[in-house]
Amino acid sequence: MNILPDFRTLRPATLDEAVKAMAAEGTMALGGGTDLLPNLRRGLGTPQTLVDLTAIAGFAELTVQADGSLRLGAGVTLEDLAEDKAVRAGWPALAQAAEYVAGPTHRASATLGGNLCQDTRCVFYNQSEWWRSGNNFCLKYQGDKCHVVVKSDRCYATYHGDVAPALMVLGAVAEIVGPKGRRSVPLAEMFREVGDKHLTLESGEVLAAVTVPPADGWRAAYFKVRVRDAIDFPLAGVAVALKRDGDTLSGLRVAITGTNSAPLMIPTEAVVGKVWSEENAEALVQAVRKVSNVLKTTVMGVKYRRRVLLAVARRLVDDLWTGK
Ligand SMILES: Cc1cc2nc3c(=O)[nH]c(=O)nc-3n(C[C@H](O)[C@H](O)[C@H](O)COP(=O)(O)OP(=O)(O)OC[C@H]3O[C@@H](n4cnc5c(N)ncnc54)[C@H](O)[C@@H]3O)c2cc1C
């Protein structure tokens with residue numbers, strides 16, 4: 001039956017209160033609920049308490065700081081992120097990634113924190129309890145077998161968030177608050193490539209904010225391929241940030257999503273410091289191919305997803321190099 005399980009909701013007014021509330025067992029953070037609540041309705045989780053973070057003072061603040069960096073409270077909605085003039089002017093790839101998420105009604109309540117911390121997805125997981133029970137469930141939840149990589153002892157559910165790769169290539173830092181205090185890590189370190197434990201947040205920790213440095217000559221873009229342009233998760237998504245110095249590619253950062261259990265950075269050392277040539281484009285494509293691990297976790301064919309991933313990576317760098 002698709003009904004929500006019983007839970008209580010707390011609505012703390014400060015981050016300290018939220019951290020205290022998160023300490024209890026069986027507690028989950030709640031942002032806009034656009035990822036969590038559909039999952040709970042499908043029987044994917046039975047939390048006793050949801051801690052709604054959206055009433056925390058300052059949690060939804062979006063500020064361009066004195067040093068030119070952008071500070072985003074984890075409660076900033078994706079609609080605000082996509083539409084904010086300063087973000088669109090200074091960090092257009094970030095606004096673009098936010099605008100690509102789901103549909104307009106989702107973005108009006110979906111938060112940055114919820115987007116980054118969203119659950120991983122799989123055709124064997126995002127199903128009703130009835131459907132999953134027919135397969136004896138799966139390694140990610142309630143079962144002991146991965147149906148995607150049958151002999152594996154790890155879960156391969158895929159991370160499909162759009163905003164993380166854009167923030168990663170922009171050099172974003174995550175500010176995490178929990179029972180042991182406050183810590184900051186490069187955003188990429190908030191993820192690990194394990195489908196049923198893809199966040200490195202410790203028990204009781206929440207993402208409080210993200211800081212993005214000034215663009216400082218980097219140009220960036222994000223693009224995703226999806227079944228329905230109006231509303232859909234990325235089948236494959238790529239973010240690129242590039243610095244060009246005359247005929248030299250002086251900096252290149254590439255991150256991918258929709259392919260692995262975490263958003264991942266691609267090693268680019270082999271092509272940086274050179275001219276962007278056919279040979280280097282092929283070297284980048286091979287690097288993306290090596291890191292990506294497209295598996296049968298969505299209904300769309302693996303070969304197609306891999307091909308568009310490689311093509312989009314190449315095209316974004318081509319476009320940014322020529323200044324498109
Ligand atoms: C039809 C549909 C289409 C979608 N399409 C896309 C898409 O194209 N791209 C995409 O990226 N997403 C998509 N989503 C997923 C989801 O809507 C978005 O990712 C959204 O941004 C989630 O934000 P939220 O605030 O609603 O998260 P919530 O549902 O509130 O939370 C999601 C998860 O993050 C945790 N969480 C929330 N806030 C915090 C925090 N501050 N610290 C720690 N943990 C936290 C929650 O406990 C939960 O596990 C789609 C969803 C639907 C239903």
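Order of listing sets the numbers, starting from 1, for every ligand and every atom in it. Position 1 is the first residue of the sequence, and the numbers go up from there.
- The nearest protein atom to atom 13 (C) of ligand 1, hydrogens excluded, is given as Phe233 CE2, 3.1 Å; this is a heavy-atom distance.
- For atom 3 (C) of ligand 1, the nearest non-hydrogen atom from the set Gly33, Gly73, Ala102 belongs to Ala102.
- Distance from atom 27 (O) of ligand 1 to its nearest protein heavy atom, with residue and atom name: Gly114 CA, 3.2 Å.
- Nearest protein neighbour of atom 49 (O) of ligand 1, counting heavy atoms only, is Met28 CE, 3.7 Å.
- Atom 52 (C) of ligand 1 has His106 NE2, 3.7 Å as its closest protein atom, hydrogens excluded (heavy atom only).
- Counting only N and O atoms by type, the side chains of Thr248 and Asp245 include no donor and acceptor under 3.5 Å apart.
- Not a single heavy atom of Arg226 sits under 4.0 Å from any atom of ligand 1.
- Residue contacts with ligand 1: Asp119 is excluded, as none of its non-hydrogen atoms falls under 4.0 Å.
- One option in Ala97, Gly75, Ala29, Cys117 has a heavy atom closer to atom 34 (O) of ligand 1 than any other, and that option is Cys117.
- Residues Tyr125 and Asp119 bring a donor and an acceptor atom of their side chains to less than 3.5 Å of each other.
- If you check the side chains of Thr298 and Arg121, you find no donor sitting under 3.5 Å from an acceptor.
- Close N/O approach between Gln118 and ligand 1 is found [any backbone or side-chain N/O within under 3.5 Å].
- Counted by atom type alone, Tyr222 and Asp162 present one or more donor-acceptor pairs between their side chains at under 3.5 Å.
- Protein heavy atom at the shortest distance from atom 20 (C) of ligand 1 is Thr34 OG1, 3.3 Å.
- Polar contact check, Gly32 against ligand 1: a nitrogen or oxygen pair lies under 3.5 Å apart.
- Close approach of ligand 1 to Gly161 is summarised as follows: ligand atoms under 4.0 Å from at least one heavy atom of the residue are 11 (O).
- Within the set Val206, Leu53, Thr257, Ile231, the minimum heavy-atom distance to atom 39 (C) of ligand 1 is found for Leu53.
- For the side-chain hydrogen bond (donor to acceptor under 3.5 Å, both in side chains) with Lys140, the qualifying choice from Asp196, Asn126, Thr120 is Thr120, the only one to do so.
- Using cut-offs of 30° and 60° on the angle between ring planes, the pair Phe223 and Tyr100 is perpendicular.
- Scanning the protein for heavy atoms near atom 8 (O) of ligand 1, the closest one is Asp232 O, 2.6 Å.
- Taking every non-hydrogen atom of Gly31 and a distance limit under 4.0 Å, the qualifying atoms of ligand 1 come out as 25 (O), 30 (O), 37 (C).
- Ser69 contributes no side-chain N or O that, together with a main-chain N or O of Gln65, makes up a donor-acceptor pair within less than 3.5 Å.
- Geometrically, Arg154 engages Tyr156 in a cation-pi contact, judged by NZ or CZ lying under 6.0 Å from the ring centre and within 45° of the ring axis.
- The N/O atoms of Asp35, backbone and side chain alike, include one that comes under 3.5 Å of an N/O atom in ligand 1.
- Residue Leu78 approaches ligand 1 through these ligand atoms, each under 4.0 Å from one of its heavy atoms: 21 (O).
- In summary, the atoms of ligand 1 found under 4.0 Å from a heavy atom of Asp162, numbered by their order in the structure, are 7 (C), 8 (O), 9 (N), 10 (C), 11 (O).
- Taking the side-chain hydrogen bond (donor to acceptor under 3.5 Å, both in side chains) definition, one finds that Asp247 meets it with Arg244, sequence neighbours left out.
- In this structure, a donor-acceptor pair under 3.5 Å is absent between the side chains of Thr211 and Arg71.
- Inspection of the Gln142 and Arg132 side chains reveals an N or O donor paired with an N or O acceptor under 3.5 Å.
- Which of Thr77, Asn115, Leu207, Val51 comes nearest to atom 18 (C) of ligand 1 through a heavy atom is settled by distance: it is Asn115.
- For the pair Leu252/Leu284, a side-chain contact is recorded, criterion being any heavy-atom separation below 4.5 Å from C-beta on.
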